[in-house]
Amino acid sequence: MTPPLRLLGDVAAGHRLDVLRYDVSATTVVLGALATRDWRPMHHDKDFARDRNGTRDIFLNTPNQAAWFERYLTDWSGPHGRLGTITFRMAGSVFPGDTMELSGVVEGTSVDAVGCGWATVAVGLSVDGDTKTTCRARLALPVSPDDNPWSRRAERWRPRPEDEVG
Amino acid sequence: MSDPLARAEALVGVEQYPTVGEFPVERGYIWTSCASVENGNPLFWDDDVARELAGGPIAPSTMLSVWFRPHHWAPGRAEPALPLQVHFDLKELFGLPEAVMTDNTITFYEPVRPGDVLRTHQVLRSVSSEKTTKLGTGRFWVIEVVYRNQADDLVGTESYTGFGYRRPT
């Protein structure tokens, strides 16, 4: 049996995730756009992005940034980690030539009414210290070595904090 | 009922624009997505881990909306509804030329699996009174997109807060 990489009891508020740095190229942007079936030209056509969007180059699309956040969070949690909710807010664009930096900190942990363990993690994506996107995720982590959040269904899976009420 | 606010309020809670995905969820796209962000989670690459943890292969959670983006071209197709058509309807209803999305929350329920055929609809949850921000004067609205699989299980919801506005003159 695959042992959990990280249990809820291993983390607490203030725990920092390892920083991920990644050099973004035009390929990163185009591959990310096509992988999310986003055919809009500002994600693959530099002239269009400059002339029509007024940006300096093509830029990472939102669904691909969500995929980067998911990868970042599950690199940390291991495969037992299961996303409940993810909220994000865009502040700026990420372009080819940028080195993006993802960093995260655990804001809190809890166990809900049906025994599921949760970590709330704040993640930032920045370039040269400028925050481009902020994200808050609620991620289920096993509460014991034989717990598996993926086995939860229906009433035993309450991904939103408000689902816990009642 | 010509008052735009009354017309918008009448739509709150109404399921609109039901859509079925153009193709079943497939593993090739799952791997393309993982490759695009160098996601090595064995849940998506190792069938033994997928079987043990999730009862078989699943898609990365954040791919939820990927399964609904229409093909760039398809034979004989009329223009498909936009993914957030309700947002564009509200801009038109209120005569607001500009709009931004201020935040986006995705909630994940049952995992999405290869072979699933997903369907979606959009629901307007709320419309605010007229507000003035530094962008201009307009209204905030919250739209929820609901995703279900072929067994009618809820697989996810996306909630968008939009602000439609007119720039100060």
Side-chain angles (χ1 to χ4, degrees), chain A residues 1-2 4 20 22 27-40 60 62-75 77-90 134-140 142 148-154 157-163, chain B residues 21-23 28-46 48-56 58-73 82-83 100-111 153-161:
Chain A
M1 178 160 168
T2 310
L20 170 69
Y22 193 85
T27 303
T28 315
V29 176
V30 174
L31 184 58
L34 299 191
T36 51
R37 299 177 55 80
D38 188 340
W39 327 116
R40 292 176 301 166
L60 282 186
T62 307
N64 186 237
Q65 289 198 31
W68 276 105
F69 286 126
E70 180 173 6
R71 175 247 159 128
Y72 180 64
L73 288 160
T74 56
D75 274 4
S77 69
H80 289 72
R82 179 178 176 185
L83 275 175
T85 65
I86 187 168
T87 298
F88 46 93
R89 184 170 289 211
M90 323 286 284
T134 56
C135 157
R136 174 169 283 112
R138 193 166 181 262
L139 181 73
N148 171 21
W150 290 104
S151 68
R152 294 181 170 275
R153 297 199 62 193
W157 175 247
R158 301 180 181 184
R160 298 184 307 166
E162 51 267 45
D163 291 337
Chain B
E22 285 187 333
F23 61 99
Y29 244 104
I30 292 171
W31 288 319
T32 300
S33 173
C34 288
S36 75
V37 294
E38 302 181 14
N39 184 348
N41 189 338
L43 203 47
F44 310 121
W45 297 95
D46 183 328
D48 291 337
V49 173
R51 193 178 312 113
E52 183 188 313
L53 292 186
I58 60 172
S61 302
T62 57
M63 286 188 78
L64 202 52
S65 62
V66 170
W67 312 112
F68 288 93
R69 292 205 185 86
H71 302 315
H72 188 56
W73 176 90
L82 293 166
V100 290
M101 289 295 177
T102 58
D103 63 43
N104 174 10
T105 296
I106 319 174
T107 305
F108 307 101
Y109 292 90
E110 279 297 300
D153 296 323
L154 182 63
V155 297
T157 61
E158 277 192 275
S159 173
Y160 294 90
T161 302

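Here is how names work: the chains are called A, B, and so on, in the same order as the sequence lines, proteins then strands, and each is numbered from 1. Heavy-atom basis, side chains included; hydrogens, waters and symmetry copies ignored. These figures come from a predicted structure and were not determined experimentally.
We find the OG1-OH distance between A:T36 and B:Y29 to be 8.0 Å, quoted to the nearest 0.5 Å. Rounding to the nearest 0.5 Å places CG of A:L34 at 12.0 Å from OG of B:S33. Here OG1 of B:T161 is found 8.0 Å from CZ of A:R89. Values are rounded to the nearest 0.5 Å. One finds the CD1 atom of B:I106 at 6.0 Å from the CD1 atom of A:I86 (value rounded to the nearest 0.5 Å). Note that CG of B:N104 and CD of A:Q65 are 11.5 Å apart. Values are rounded to the nearest 0.5 Å. For the atom pair B:N39 CG and A:L73 CG, the distance stands at 10.5 Å (nearest 0.5 Å).
Contact check for B:P60 versus A:R71: no side-chain heavy atoms found under the 4.5 Å cut-off. When side chains are defined from C-beta on, B:Y109 counts as touching A:R160, because their heavy atoms get closer than 4.5 Å.
Between A:L31 and B:A35, the closest heavy-atom pair is CD2-O, 4.4 Å. Heavy atoms only, all atoms of each residue included: B:F108 and A:W157 are closest at O-NE1, 2.8 Å.
Within the 4.5 angstrom heavy-atom criterion, only side-chain atoms of B:I58, from C-beta onward, approach chain A. At a 4.5 Å heavy-atom cutoff, the contact between A:A154 and chain B is made by backbone atoms alone. At a 4.5 Å heavy-atom cutoff, the contact between B:E38 and chain A is made by backbone and side-chain atoms alike. Interface residue A:Y22: only side-chain heavy atoms are found under 4.5 Å from chain B. For chain A, the nearby part of B:D153 is the side chain; its heavy atoms alone come within less than 4.5 Å.
Between chain A and the residues B:V66, B:T157, B:V100, the largest count of heavy-atom pairs under 4.5 Å involves B:V66. Residue with the most contacts toward chain A among B:L43, B:T32, B:L64: B:L43 (heavy-atom pairs, distance under 4.5 Å). Of the residues considered (B:T102, B:V49, B:D48, B:L154), B:T102 shows the highest number of contacts with chain A, using heavy-atom pairs under 4.5 Å. The candidate with the highest count of non-hydrogen atom pairs below 4.5 Å against chain B, out of A:G32, A:P63, A:A67, is A:A67.
A donor and an acceptor atom, one from each side chain of A:R37 and B:H71, are located under 3.5 Å apart.
A:A66 pairs by the side chain to side chain contact (heavy atoms under 4.5 Å, CB included) definition with A:F88, B:T62, not counting sequence neighbours.
A donor-acceptor contact shorter than 3.5 Å is absent between the side chain of A:W150 and the backbone of B:A50.
Counting heavy-atom neighbours within 6.0 Å of A:R136 CZ, excluding the residue itself, gives a total of 12 or less.
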